[in-house]
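Notes follow once the structure below has been shown.
Letters A, B, ... are given to chains in the order of the sequence lines, protein chains preceding strands, and every chain is numbered from 1. Just so you know, these numbers use all the heavy atoms, side chains as well, and skip hydrogens, waters and symmetry mates. These numbers were taken from a predicted model, which means no experiment stands behind them.
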Amino acid sequence: MAVPYNHHEVEKKWQGVWDEEGAFKTSDDYSKPKYYALVEFPYPSGQGLHVGHPRPYTALDIVARKRRMQGYNVLYPMGWDAFGLPTENYAIQNHIHPRIVTKNNVERFKGQLHALGYSFDWDREVNTTDPDYYKWTQWIFLKLFKAGLAYKTEMPINWCTSCKVGLANEEVVGGVCERCGSEVVRKVKSQWMLKITEYAEELIQGLDTVDYIERVKVSQKNWIGKSQGAEVDFSLTGKEEKLRIYTTRPDTLFGATYMVLSPEHPIIDKYREEIGNYEALSAYREQAARKSDFERTELAKEKTGVQIEGLTATNPVNGREIPIWVSDYVLMTYGTGAIMAVPAHDERDWEFAKKFGLPIIEVVAGSPVSVQEAVYTDVATGTLVNSQFLDGLSVAEAKERIIAFLEEKGIGHSKTNYKLRDWVFSRQRYWGEPIPIVKCEKCGFVPVDDSELPLMLPEVESYEPTDNGESPLAAMEDWVNTTCPCCGGPARRETDTMPQWAGSSWYFLRYTDPHNKEALASREALEYWMPVDWYNGGMEHTTLHLLYSRFWHRFLYDQGEVPCKEPYQKRTSHGMILGSNGEKMSKSRGNVVNPDDIVRDYGADTLRTYEMFIGAFDLSAAWSEDGVKGCRRFLERVWKLQDMLVDGQEYSADLETKMHQTIKKVSNDYESLKYNTAIAAMMALINEFYKKNAVTRGEYRTLLALLNPVAPHITEELWQTAGFQGRVYQTSWPSYEEAKTVENTVEIGVQVNGKIRANISMPKDAAKEEVIAAAREALGDKLSGTVVKEIYVPGRIVNIVVKP
RNA sequence: GCCGGCGUGGCGGAAUAGGCAGACGCAGUGGACUUAAAAUCCACCAGAAGUAAAAUUCUGUACCGGUUCAAGUCCGGUCGCCGGCACCA
């Protein structure tokens with residue numbers, strides 16, 4: 001009898017062996033085929049590992065281990081995205097340096113990951129807060145600056161009242177700070193910006209060249225928000241001044257009955273003297289300015305606005321004089337900050353026109369009811385009317401014609417717009433990469449010389465941001481005052497730091513050559529390893545991290561620093577692990593499961609198996625302690641197979657097909673995120689061994705190899721106990737023969753008029769006539785009436801169609 | 001409102017490419033082992049009718065309709081849930 005399965009001993013033993021043998025050290029042998037598997041590196045929070053973390057880590061660990069067994073040189077690295085607010089806030093509260101906090105948290109995380117038996121190559125660990133790492137983050141920033149893609153500007157930003165920090169649009173969720181949940185207001189500050197908008201088109205185009213799951217592609221496209229339309233110049237009546245608008249419906253130009261400007265539109269101040277109701281306008285603008293973007297959209301359920309008195313505009317195509325209104329439903333940050341309003345064919349304009357009694361003119365016919373009754377926005381079926389030379393055309397034709405007309409007359413042109421905004425890159429915080437820029441009275445913004453990188457984060461007494469919103473670095477006169485690298489005169493350092501997204505925008509490059517002192521990575525390493533073959537991460541990073549890192553990568557490609565345009569060949573996403581009550585795990589709900597407890601009570605192999613078996617990988621799944629027990633039971637059953645072992649390197653005759661089928665199923669399922677069915681197939685296989693109370697050494701060996709990527713410790717132990725050569729992780733992946741995955745004799749369902757009436761057992765390559773004959777015999781007198789048709793789907797089903 | 005995804009037993013979930021719905025696991029029930037319990041092993045496990053027990057029959061993949069010899073799967077419509085975006089002209 002075998003000794004009982006003791007997961008503590010087994011797991012500790014093998015983790016030690018792997019460390020000692022350097023089992024998962026990535027080789028620098030560039031002659032082998034490579035495979036780069038990547039999971040998002042975690043933020044080492046004070047709470048330690050969450051049970052959500054092992055789900056993606058195990059999934060790609062399975063892929064990495066399988067690839068090694070298939071002979072690939074595999075890079076499966078891990079690191080720490082360690083700059084960030086929670087650490088800084090903890091440091092402020094407890095008066096501990098964030099560096100120390102980070103170090104402690106990293107140690108804890110690392111211990112937890114080690115206990116789960118992941119095959120990470122720890123020699124390649126990176127940490128974004130390590131000066132040897134952020135030297136290159138700063139270096140990339142300077143490259144962006146030198147290329148004109150980083151600039152500083154006064155702009156209204158999203159300001160978190162609690163964190164006292166500027167946030168990117170992406171970090172504001174539902175009008176509150178994504179991190180702390182506090183109110184976000186608009187505040188004008190001078191901010192470093194990155195011109196991600198310059199790459200908007202490429203970031204869309206690039207999606208066609210990569211293998212991302214569909215919903216990731218769709219979200220990225222929506223976020224970038226490309227739209228095609230035209231810019232048209234309206235004139236201020238009686239003046240030279242042009243008012244440029246943007247529209248996606250230039251075909252409706254003849255239906256424009258008024259214009260609307262954003263409250264921030266500069267024309268208002270320019271013609272202040274001529275505006276009759278400037279005070280009313282000012283009041284409205286002030287009201288709008290006080291609102292955050294969120295309030296402006298959320299609270300303004302009913303449209304508001306003020307007409308500009310004393311100014312009107314002229315529609316350039318028909319000379320019609322139309323009023324100009326100001327309303328906060330028009331945004332200064334998109335298009336030109338001014339629109340032509342076509343209430344008959346735009347919902348917002350229609351609503352606005354109804355409220356303020358403005359005329360509604362139909363220019364696209366086809367609406368079932370009058371445009372006075374309901375807006376008509378269908379572009380597929382309508383026909384142009386009331387539009388002179390456009391009359392009778394379809395919307396698509398009219399668009400083409402009007403743009404040609406506008407361009408010919410010089411009053412407009414086609415134009416593509418994007419919703420994507422430039423990336424607010426400054427944070428007024430301590431725990432981030434210092435922005436390596438010096439401001440000189442004479443020379444302006446001057447980059448720190450590359451030789452001075454990394455520009456180290458100085459020691460400060462307090463990490464708290466100042467009340468006026470400056471970074472704590474601003475209080476460090478010694479550090480701030482410096483000399484201009486350009487003219488040598490007195491100058492001041494930039495005191496803002498970079499956002500957390502900076503370090504994670506290029507970390508996958510560093511893994512390829514993490515100790516390089518001369519470059520962010522060597523050319524050879526990059527050419528060999530890039531792109532990442534499979535990158536898995538959370539859906540929540542689809543519009544932030546994924547877009548930012550693609551942007552940096554494309555920039556680095558344009559600079560000749562990396563060999564490929566897209567960093568990730570394949571992107572998948574995992575679902576969340578919820579509490580047992582189906583709600584998101586949180587301390588306040590009291591449904592948090594600590595992975596340490598599961599590892600202690602059931603073992604890492606059980607946790608890994610369970611998280612893979614829990615359900616479809618891309619859907620969220622509720623935790624179930626009973627489910628964990630079921631997986632532990634499965635591993636116990638595998639353990640006990642050693643007592644059923646019989647001689648024979650071959651598969652036994654009655655299980656040969658099953659063996660080949662299982663190898664095929666498991667091999668395919670590991671590739672396609674279907675870990676749950678792969679495990680189910682192995683469970684079904686061992687049920688067969690139990691039925692016979694026997695398993696040949698050959699069958700056992702194959703099973704252990706198949707299961708190893710999921711449950712690496714127990715399989716190594718059993719492998720060794722059974723006296724198989726070497727280690728499982730060094731063995732080659734089991735192979736199967738396609739021809740042997742089909743039974744010689746197949747069960748065929750026999751239907752009459754589509755209903756199952758009998759079952760027959762036939763040789764797999766029996767001829768149709770034979771099968772039909774057997775089916776008729778099996779049916780006997782259940783077959784009555786006139787046979788109309790006989791259908792045989794080889795190896796599956798017979799259907800006999802009869803008429804009564 | 002728009003975009004994306006999803007509705008299958010008591011539960012988590014299976015079902016290449018339209019071909020025997022419910023694999024695998026959990027929970028449950030019965031049995032074996034045990035002085036007993038736990039653990040383990042074996043069997044049963046969608047609903048209804050039917051039977052001493054079987055056999056057998058009917059219904060069933062959110063709902064309504066369609067295509068097809070055949071629909072969980074394809075098409076049209078309805079309802080519900082989840083996620084994302086949201087005055088982007």
What I want to find out is whether [X] reaches [Y] closely enough, with some N-O distance under 4.0 Å, to be called a salt bridge.
X       : Y       : answer
D422(A) : K195(A) : no
E688(A) : K691(A) : yes
K768(A) : E790(A) : no
K355(A) : E351(A) : no
R571(A) : E40(A)  : yes

Could you tell me whether the phosphate oxygens of [N], OP1 or OP2, come under 4.0 Å of any side-chain nitrogen or oxygen in [X]?
X       : N      : value
K755(A) : U59(B) : yes
Y329(A) : A89(B) : no
K303(A) : A89(B) : no

(message) Give me syn or anti for G28(B), where syn covers glycosidic angles within 90 degrees of 0.
(response) anti
In whole angstrom, give the distance that lies between atom [atom1] of [X] and atom [atom2] of [N].
X       : N      : atom1 : atom2 : result
W623(A) : G12(B) : CH2   : P     : 17 Å
K399(A) : A89(B) : NZ    : P     : 10 Å
K221(A) : A86(B) : NZ    : C1'   : 20 Å
W350(A) : C87(B) : CH2   : P     : 20 Å
N222(A) : G1(B)  : CG    : C1'   : 14 Å
I772(A) : C69(B) : CD1   : P     : 16 Å
R757(A) : A70(B) : CZ    : P     : 14 Å
E347(A) : A86(B) : CD    : P     : 17 Å

Check every strand shown and say whether [X] touches a base, only sugar-phosphate, or nothing at a heavy-atom separation below 4.0 Å.
X       : answer
T542(A) : nothing
F634(A) : nothing
K415(A) : nothing
S219(A) : nothing

Please tabulate, one pair per line, each protein N/O and nucleotide N/O from nucleotides 44-48 of chain B that are separated by under 3.5 Å, including the distance.
none

(message) One character per nucleotide, please: for nucleotides 19-28 of chain B, 5' to 3', B when the base has a protein heavy atom closer than 4.0 Å, S when only the sugar-phosphate does, - otherwise.
(response) BB--BBSSS-
(message) Could you walk me through whether R632(A) and E636(A) satisfy the salt bridge (Lys or Arg N to Asp or Glu O under 4.0 Å) test, starting with their C-alpha distance in whole Å, then the side-chain angles of each, then the deciding distance to 0.1 Å, before giving a yes or no?
(response) CA-CA 6 Å; R632(A) 166 73 188 205; E636(A) 297 261 12; 3.0 Å; yes
Roughly how many Å apart are [M] and [N], using the [atom1] atom of each and rounding to a whole number?
N      : M      : atom1 : answer
C45(B) : A36(B) : C1'   : 28 Å
A55(B) : C64(B) : P     : 30 Å
G18(B) : C74(B) : P     : 8 Å
A70(B) : C20(B) : P     : 15 Å
G25(B) : C81(B) : P     : 34 Å
U59(B) : C3(B)  : C1'   : 38 Å
G65(B) : U73(B) : P     : 15 Å

(message) Taking T543(A)'s backbone N and O only, do any of them form a donor-acceptor pair with Q220(A)'s side chain (distance below 3.5 Å, no angle check)?
(response) no
(request) Could I get the full list of salt bridge (Lys or Arg N to Asp or Glu O under 4.0 Å) partners for K242(A), not counting sequence neighbours? (result) none
(request) Of all the heavy-atom pairs spanning L253(A) and L406(A), show the shortest one and how long it is. (result) CD2-CD2, 4.0 Å
(message) To check you understand the geometry: which heavy-atom pair defines the closest contact between D251(A) and A398(A), and what is its length?
(response) CB-CB, 3.7 Å
Who pairs with [N] - Watson-Crick or G-U, where each distance is under 3.5 Å:
N      : result
U40(B) : A32(B)
G47(B) : C58(B)
G9(B)  : none
C2(B)  : G84(B)
G18(B) : none
G65(B) : C75(B)

(request) Give a yes/no verdict on a cation-pi contact between K303(A) and F352(A), requiring under 6.0 Å between NZ or CZ and the six-membered ring centre and an angle within 45° of the axis. (result) no
(message) Could you tell me if R244(A) sits above the aromatic ring of F234(A), with its cationic atom closer than 6.0 Å to the ring centre and no more than 45 degrees from the axis?
(response) no
(message) Please pick, from U59(B), A89(B), C41(B), the nucleotide with the shortest atom-to-atom distance to any side-chain atom of Y246(A).
(response) A89(B)
